[in-house]
Amino acid sequence: MNYHDAELKKILLNQYSNIFEDELIDEIIKVGYLKSIKNGELLIDVGDYLTHIPLILKGVVKIMRQDKAGEEIALYYLEAGDTCAISFANCLNRKQSIFMGIAEADIEAVFIPVEKVDDWLVKYKTWRHFIIDSYHFRLIEMVDSIDSLAFMRMEERIWKYLSHKVKISNDFDLEITHQDIAQDLNSSRVVITRILKKLHDDGKIYSTRNRVKVLELLS
DNA sequence: ACATTAAGTGATT
DNA sequence: AATCACTTAATGT
């Protein structure tokens, strides 16, 4: 076992020892490879074929959709301890990805070949549960996104978006522009500016150029 | 000092 | 809630 494996094992044991059995963790170390991805880098694009699925150890991945005109909308986020089971189904059928994934922070992830992901489903109960759980969670988040799109006013959507950002970055100070938010919510910059101004005046946030500080959390 | 990028605003749809 | 057209403010070179 080289230095890298030892590091990896430490991280895995730390995050997964109460979910996975030791043999599974050993297997992950054997076949998976650790990869760091810089903030802002593209992990997967629409149309890509996938051969490995990532187990996120650190950072956040934003999963989004894109239409022909290049318009985007954020669907959900993968955090440490998450995997994208959706991409697993994609791998197995050798279908192209229908999503885009971008690193929202510096990422560390173990990439596991699909065949193994498949094997382990029958071999390890914990792994099976992990994957099914991931599927379930992703579904819940998607339904949540649909709800937002269909039923929520822009102000609520922004509020929810900001709260979520605070949660995943563990920081009330967000470095973000109105344009960024508009893109993620598939709205226009002007609309976001107006609503943020209102939230600012209401004392719920404090916003300056490139920065939004959330002052109170969603109850 | 100047150019570039982000944010604010009235009017219109 | 979106778009246009324009202003003002902050920041980089």
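Values below: every heavy atom of this structure, side chains too, minus hydrogens, waters and symmetry copies. Bear in mind the structure is a predicted one, so any value in this text is a computation, not a measurement. Chain letters run A, B, ... following the sequence lines, proteins first and then strands; every chain starts at 1.
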Closest to the Met154(A) side chain, choosing from dT9(B), dA9(C), dA1(C): dA1(C)
Atom-pair distance (CZ on Arg211(A); C1' on dT11(C)), nearest Å: 16 Å
Ring geometry between Trp127(A) and Phe20(A) (parallel below 30°, tilted from 30 to 60°, perpendicular above 60°): tilted
Touch class at under 4.0 angstrom, heavy-atom based, for Thr193(A) against every strand present: base
Protein-nucleotide distance (Asn210(A), atom CG; dG12(C), atom C1'), rounded to Å: 12 Å
Distance-only donor-acceptor check, side chains Asn90(A) and Ser87(A), under 3.5 Å: no
Closest-nucleotide ordering on DNA chain B, the 5'-leading residue of Thr177(A) and Arg194(A): Thr177(A)
Glu27(A) bridged to Lys123(A) by N-O distance under 4.0 Å: yes
Side-chain N,O (Ser187(A)) to OP1/OP2 (dA2(C)) below 4.0 Å: yes
Nucleotide nearest Ser188(A) when distance is taken to its side chain, options dT3(C), dA1(C), dT9(B): dT3(C)
Below 4.0 Å: OP1/OP2 of dT5(B) and any side-chain N or O of His178(A): no
Joint cluster assignment, Ile98(A) & Met142(A), ILVMFWY side-chain distance < 4.5 Å: yes
Atom pair distance, as rounded to whole Å: CG in Leu196(A) and P in dA6(B): 15 Å
Integer-rounded Å distance: dA6(B) P and Asp180(A) CG: 8 Å
